[in-house]
Amino acid sequence: REAAMLDRQRDEREASLPDAGPMRIALDGRRILLEQALAAWPRRGTTLVEINCGAGFLQQSLRADGFDVTGCEPSDFLRRRFAEVNGSHFTVEAGHSDLLPFDSESFDWGILHLGEYLSPQQIDASLRELLRVVSLGFAITFWNRTSLAGRSASFPPDFPLYPAWSILRRLAWHGLGTFRARSALSGPVSTWRAADAGLLTAGEKFWGLVNRPLPLPTGFCCVFRVELGPRLPMTMRPLRVKRRKFSGEALARCGEGSGL
């Protein structure tokens, strides 16, 4: 029953974009972070899956950037909302992040949004599935509990927050130690302004610089980007044994010790 309640709360939270306020700034910050983080990826003619895509508010911008994008969302309610937001030219599949409905290496790139509470075991399972279905790399987005905003009481108790260090630990556990981190909104919620505002007044200059995207996992909005190396087939090699010369006397001693 508690899980059903959390699912319902996520449906309500993800169904529409707020007009203003901290959550709208955070969502805009995540969009800008993704645009910056994915700028290095080849796009034209490449495929991308967005896992836990919600109502699909990022789908149109991802397609405008050149990706052939597919959504994946476990909630029936949000998939219906996805169709309302994006129309019939966009595709969303039903599936949970830890059990994806795709064949191995179905996509070049992937994005995993940690938009719901997942245990460390569920995160590990989601990473295994992500590694299975993408061939070139992926990005993970989450809201950072260890940021100044994440430590405050500015967001409801059901809001899914993850410590940045715990996500780093999970990536390292899977041997994914090479990645790039970016984050935004490192200041308290009271200092946030529109994420895409280019002009800052004199009094906002310090916090404006702090809240802008940084190459550190210190902000409330975090993105970790991972590029995967070539996956080479395992080749069996013979065991190398160093050759040694034995004298006749040494061989005799060996025979005596073995009872021969």
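Just so it is clear, the values below take in all heavy atoms, side chains as well, and ignore hydrogens, waters and symmetry mates. Position 1 is the first residue of the sequence, and the numbers go up from there.
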Could you check whether Phe138 and Phe224 have their ring centres less than 6.0 Å apart? no
Give, for atom CZ of Phe102 and atom OG of Ser104, the distance between the pair rounded to the nearest 0.5 Å. 12.5 Å
Check whether any side-chain N or O of Asn86 sits under 3.5 Å from a backbone N or O of Gly56 as a donor-acceptor pair, and report yes or no. yes
Under the 3.5 angstrom rule, does the side chain of Trp41 hit a backbone N or O of Glu227 as a donor-acceptor pair? no
Would you say the side chain of Asn144 lies within less than 4.5 Å of the side chain of Leu161, judging by non-hydrogen atoms? no
I need the minimum non-hydrogen distance between Gly54 and Glu73, along with the two atoms involved. N-OE1, 2.8 Å
I would like to know whether Val134 and Trp109 meet side-chain contact (heavy atoms from CB on, under 4.5 Å); could you show each step before the answer? CA-CA 6 Å; Val134 303; Trp109 309 105; 5.9 Å; no
Main-chain N/O of Asp108 paired to Thr47 side chain as donor or acceptor, under 3.5 Å: yes
Rounded to the nearest 0.5 Å, how far apart are OG of Ser106 and CD of Glu93? 10.5 Å
Over all heavy atoms of both residues, which pair between Pro101 and Ala94 is shortest? Give the atoms and the distance, please. CG-O, 3.3 Å
CZ of Arg169 to CD1 of Ile123, rounded to nearest 0.5 Å, is 11.5 Å
Kindly indicate whether a cation-pi arrangement holds for Arg63 with Phe90, taking the cut-offs as under 6.0 Å to the six-membered ring centre and within 45° of the axis. yes
To the nearest 0.5 Å, tell me how far Arg170 CZ sits from Gln121 CD. 7.5 Å
Separation between CD1 (Ile167) and SG (Cys222), nearest 0.5 Å, reads 9.0 Å
Residue pair Val85 / Gln60: nearest heavy atoms and the distance that separates them: O-NE2, 3.4 Å
List the steps and the verdict of side-chain hydrogen bond (donor to acceptor under 3.5 Å, both in side chains) for Asn211 and Thr191. CA-CA 8 Å; Asn211 287 323; Thr191 67; 3.1 Å; yes
A side-chain contact here means heavy atoms from C-beta on lying under 4.5 Å apart; do Leu100 and Val49 qualify? no
Is any side-chain heavy atom of Trp192 closer than 4.5 Å to one of Trp207? no
Indicate yes or no: at least one non-hydrogen side-chain atom of Phe179 is less than 4.5 angstrom from one of Leu168. yes
If every non-hydrogen atom of Leu209 is compared with every non-hydrogen atom of Leu214, which pair is closest and at what distance? O-CD2, 4.3 Å
Can you name the closest pair of heavy atoms from Leu131 and His174 and give their distance? CD1-ND1, 4.4 Å
Check: Trp143 side chain, Tyr162 main-chain N or O, donor-acceptor pair, under 3.5 Å: no
For Cys53 against Gln59, the heavy-atom pair lying closest together: CB-NE2, 4.4 Å
Can you check side-chain contact (heavy atoms from CB on, under 4.5 Å) on Leu34 and His113, steps first, answer last? CA-CA 11 Å; Leu34 271 175; His113 301 297; 4.0 Å; yes
Could you tell me if the side chain of Leu185 sits less than 4.5 Å from the side chain of Ile25, heavy atoms only? yes
Atom pair CZ/OG of Arg145 and Ser166 - distance to nearest 0.5 Å: 9.0 Å
In sequence, state the C-alpha distance, the side-chain angles, and the governing distance for Trp173 and Asp124, and then conclude on side-chain contact (heavy atoms from CB on, under 4.5 Å). CA-CA 9 Å; Trp173 190 83; Asp124 288 338; 4.2 Å; yes
Under the 3.5 angstrom rule, does the side chain of Asp98 hit a backbone N or O of Ala125 as a donor-acceptor pair? no
Taking the side chain as everything from C-beta on, heavy atoms only, tell me whether Cys72 gets closer than 4.5 Å to Glu50. no
With heavy-atom distances below 4.5 Å as the criterion, would you say the side chains of Val210 and Thr218 are in contact? no
Hey, are the side chains of Ser135 and Leu228 touching, using non-hydrogen atoms and a 4.5 Å cut-off? no
Check: Gln36 side chain, Leu33 main-chain N or O, donor-acceptor pair, under 3.5 Å: no
side-chain hydrogen bond (donor to acceptor under 3.5 Å, both in side chains) between Thr91 and Thr70, intermediate numbers included: CA-CA 5 Å; Thr91 302; Thr70 298; 5.4 Å; no
Evaluate side-chain contact (heavy atoms from CB on, under 4.5 Å) for Leu112 paired with Thr141, printing each intermediate quantity in order. CA-CA 6 Å; Leu112 170 62; Thr141 77; over 6 Å; no
Salt bridge check, Arg31 against Glu35: does any charged N sit closer than 4.0 Å to a carboxylate O? yes
Donor-acceptor contact below 3.5 Å, side chain Arg180 vs main chain Arg225: no
N-O pairing of Asp28 and Arg24 below 4.0 Å: yes
Spell out, as yes or no, whether a donor-acceptor pair under 3.5 Å connects the side chain of Arg151 to the backbone of Thr146. yes
Result of checking Leu118, Asn52, Ile140 against Ser126 for side chain to side chain contact (heavy atoms under 4.5 Å, CB included): Leu118
Would you find a donor on one side and an acceptor on the other, under 3.5 Å apart, between the side chain of Arg79 and the backbone of Pro74? yes
Checking the side chain of Arg132 only, and the main-chain atoms of Glu105 only, is there a donor and an acceptor separated by less than 3.5 Å? no
If Ile, Leu, Val, Met, Phe, Trp and Tyr residues are connected whenever their side-chain heavy atoms lie under 4.5 Å apart, and connections chain through other members, are Leu148 and Met23 in the same group? no
